Q: 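This is the structure I want to talk about, given as structure tokens.
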Amino acid sequence: MANYELCIDMGSNYTTIYKKHTGVVLREPTIAIIEPSAKTLKVSKIGLEAEKMWGKTGDDEVVVHSIVEGVIKNVELTERILMYFLNKVVKYKLVKPAIKIIVCLPIGLNESEYEDYKKVFYAIGFAKINFVYNIVSASFVDAPFLLNNKASMLVDLGGSKTEIGIVMGGRLISGCTLNVGGNLIDEAIVDYLHSTKGYLLSMQVAGKLKREVGSLYETDKSNMEVLVEDENTKNKISTIISAKDIMRPIYEGYLKIVQAINGFFGECSSEIALDVKNDGIVFFGGGSQITGLENFFKKALKMTVFQLDNPEFAGVLGSEKLFSNPNLLQKVVEDN
């Protein structure tokens, strides 16, 4: 019988699956195309296949996120999405393999929301399930500025929200969430280009602009050609959007995160605050890949700032140390 050890992070935007000793084996959007009028759940496409159809579905189909701001909105659909992804990763013909998993969870879930995650994962029939906070798992990434004997502040800049946590020795001491993430910044870009230039564009185009030319440097000269709709003529036009054109909504989004970090830091004990002040703040998540992040937060927070390598995968990458040390994994689960 084949055995698998997997770490699964089902985020609002993407699901990432990591296999022990192998690396990331899947990263696809946590979305599906469904027929909302159907009496039973009817799913036609999931993940990357659903993403390809964005904006192209018929009147009887919609693209939906099964997880929003870290909260499962539809247990049955989330289970279907998870099974679809697992079947891509776990190959077997006759005998179902024993699968041990670590599930990366967002912080701030209430009891009911946590129970929904348990329903989804227990329904699959895994051999062993360990639930670990994503921010705690990321603290085990092999980085010289993450010290287990000191309190570390980690900030996860995700698609739907930002998580801020103090972790020490694999234990989440305190944490908070802010409903500001990449999606909200994408919306702000859409609104800003509409109000300043009269352009109509989708969230998908705004997200691409943010990733390709978005910057926190005022002097950034990057630009990108995109197809938009002119509000006045209703014509589709090709136009050049520069980093400067979208800097304001991006800057304002990240400024809210600065304010949240400052507020959270102000609530820390003097001992924890000293550790963080001396050792800096660690950023990860897809939103930490914005150009100029370290310089921006260093100036705004007046502290040293670090960014993890492969920041969008940090939570699952940290699981390698937990897989390799079952006693440590057990301690982390018990402590949190």
Side-chain angles (χ1 to χ4, degrees), residues 3-19 25-36 38-47 49-50 62-90 92 96-138 156 158-161 163 165 172 175 177 179 181 183 315-316 318-319 322-323 329-330 332-336:
N3 289 289
Y4 288 82
E5 290 184 81
L6 307 174
C7 179
I8 303 174
D9 177 11
M10 292 195 79
S12 299
N13 284 11
Y14 289 92
T15 291
T16 306
I17 300 180
Y18 177 91
K19 183 179 178 182
V25 291
L26 180 140
R27 181 171 173 80
E28 295 198 23
T30 315
I31 59 175
I33 295 177
I34 67 169
E35 293 183 13
K39 292 182 180 180
T40 58
L41 181 63
K42 190 170 182 180
V43 181
S44 60
K45 294 186 183 300
I46 292 173
E49 292 301 313
V62 293
V63 180
V64 296
H65 289 262
S66 72
I67 300 176
V68 178
E69 294 182 358
V71 176
I72 293 174
K73 294 300 181 181
N74 186 314
V75 170
E76 183 183 355
L77 179 58
T78 305
E79 184 183 330
R80 292 272 290 274
I81 291 172
L82 177 58
M83 278 298 301
Y84 174 81
F85 291 153
L86 283 171
N87 285 332
K88 284 189 164 189
V89 172
V90 179
Y92 66 97
K96 185 177 180 180
I99 305 174
K100 299 178 181 179
I101 66 165
I102 294 173
V103 180
C104 288
L105 290 178
I107 60 176
L109 295 175
N110 62 35
E111 186 174 345
S112 174
E113 292 163 351
Y114 175 55
E115 285 299 318
D116 283 342
Y117 273 92
K118 290 171 69 175
K119 287 177 186 175
V120 167
F121 283 91
Y122 282 123
I124 305 299
F126 294 108
K128 176 70 174 176
I129 305 174
N130 290 291
F131 293 97
V132 177
Y133 290 124
N134 187 56
I135 214 162
V136 170
S137 183
D156 180 5
S160 63
K161 61 182 181 176
E163 297 187 352
L172 181 67
T177 62
N179 290 331
N183 299 343
V316 295
S319 68
L322 297 175
F323 280 132
L329 174 58
Q330 185 62 34
V332 167
V333 172
E334 291 174 354
D335 286 351
N336 293 282

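All figures in this text were calculated on a predicted structure; none of them were measured in a lab.
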Q: Just how far is it from atom CD1 of Ile99 to atom CD of Glu5, taken to the nearest 0.5 Å?
A: 11.5 Å

Q: Is the shortest heavy-atom distance from the side chain of Tyr14 to the side chain of Asp9 under 4.5 Å?
A: no

Q: Give, for atom CG of Asn13 and atom NE2 of His65, the distance between the pair rounded to the nearest 0.5 Å.
A: 6.0 Å

Q: Are any of the side-chain heavy atoms of Leu6 and Leu86 separated by less than 4.5 Å?
A: yes

Q: If you count every heavy atom of other residues, nucleotides or ligands that lies below 6.0 Å from Lys88 atom NZ, does the total exceed 12?
A: yes

Q: Compare every heavy atom of Ala50 with every heavy atom of Val63, then report the nearest pair and how far apart it is.
A: CG2-O, 4.5 Å

Q: What are the two closest heavy atoms between Ile129 and Phe121, and how far apart are they?
A: CD1-O, 3.6 Å

Q: Do Val132 and Asn336 come within less than 4.5 Å of each other through their side chains, counting heavy atoms only?
A: no

Q: For the CD atom of Glu28 and the CD atom of Glu49, what is their distance to the nearest 0.5 Å?
A: 8.0 Å

Q: Given side chain to side chain contact (heavy atoms under 4.5 Å, CB included), test Ile72 with Lys119 step by step and report yes or no.
A: CA-CA 10 Å; Ile72 293 174; Lys119 287 177 186 175; over 6 Å; no

Q: Please give me the minimum heavy-atom distance between Ile46 and Ala32, naming the atom from each residue.
A: CG1-CB, 4.0 Å

Q: Going through the checks in order, is the side chain to side chain contact (heavy atoms under 4.5 Å, CB included) test met by Glu79 and Asn74?
A: CA-CA 9 Å; Glu79 184 183 330; Asn74 186 314; over 6 Å; no

Q: Do Leu82 and Ile8 have side chains that get closer than 4.5 Å, going by heavy atoms?
A: yes

Q: Check whether any side-chain heavy atom of Arg80 lies under 4.5 Å from a side-chain heavy atom of Met83, and answer yes or no.
A: no

Q: Assess, by modelled atom type and distance only, whether the side chains of Thr30 and Thr15 contain a donor and an acceptor separated by less than 3.5 Å.
A: yes

Q: Check for a donor-acceptor pair, side chain of Asn183 on one end and backbone N or O of Gly159 on the other, with a separation under 3.5 Å.
A: yes

Q: Are Met10 and Ile81 side-chain neighbours, meaning at least one heavy-atom pair lies under 4.5 Å?
A: yes

Q: Taking the side chain as every heavy atom from C-beta outward, state whether Leu329 and Val333 have any pair of such atoms under 4.5 Å apart.
A: yes

Q: Looking at Ser137 and Asn134, would you say the former's side chain and the latter's main chain have a donor-acceptor pair under 3.5 Å?
A: no

Q: Between Tyr117 and Ile67, is there a side-chain heavy-atom distance shorter than 4.5 Å?
A: yes

Q: Is Ser12 reaching over with its side chain to a backbone N or O of Glu69, donor-acceptor style, under 3.5 angstrom?
A: yes

Q: Could you give the distance from OH (Tyr114) to CG (Leu105), rounded to the nearest 0.5 Å?
A: 6.5 Å

Q: Has the side chain of Glu163 got a donor or acceptor atom that lies under 3.5 Å from a matching backbone atom of Ile107?
A: yes

Q: State, to 0.1 Å, how close Ser319 and Tyr18 come at their nearest heavy-atom pair, and which atoms those are.
A: OG-CD2, 3.5 Å

Q: Look at the aromatic rings of Phe131 and Tyr122 and report parallel, tilted or perpendicular, splitting at 30° and 60°.
A: perpendicular

Q: Please report the interatomic distance CZ(Phe85) to CG(Leu26), rounded to the nearest 0.5 Å.
A: 6.0 Å

Q: I need the Phe323 CZ to Lys19 NZ distance, nearest 0.5 Å.
A: 11.5 Å

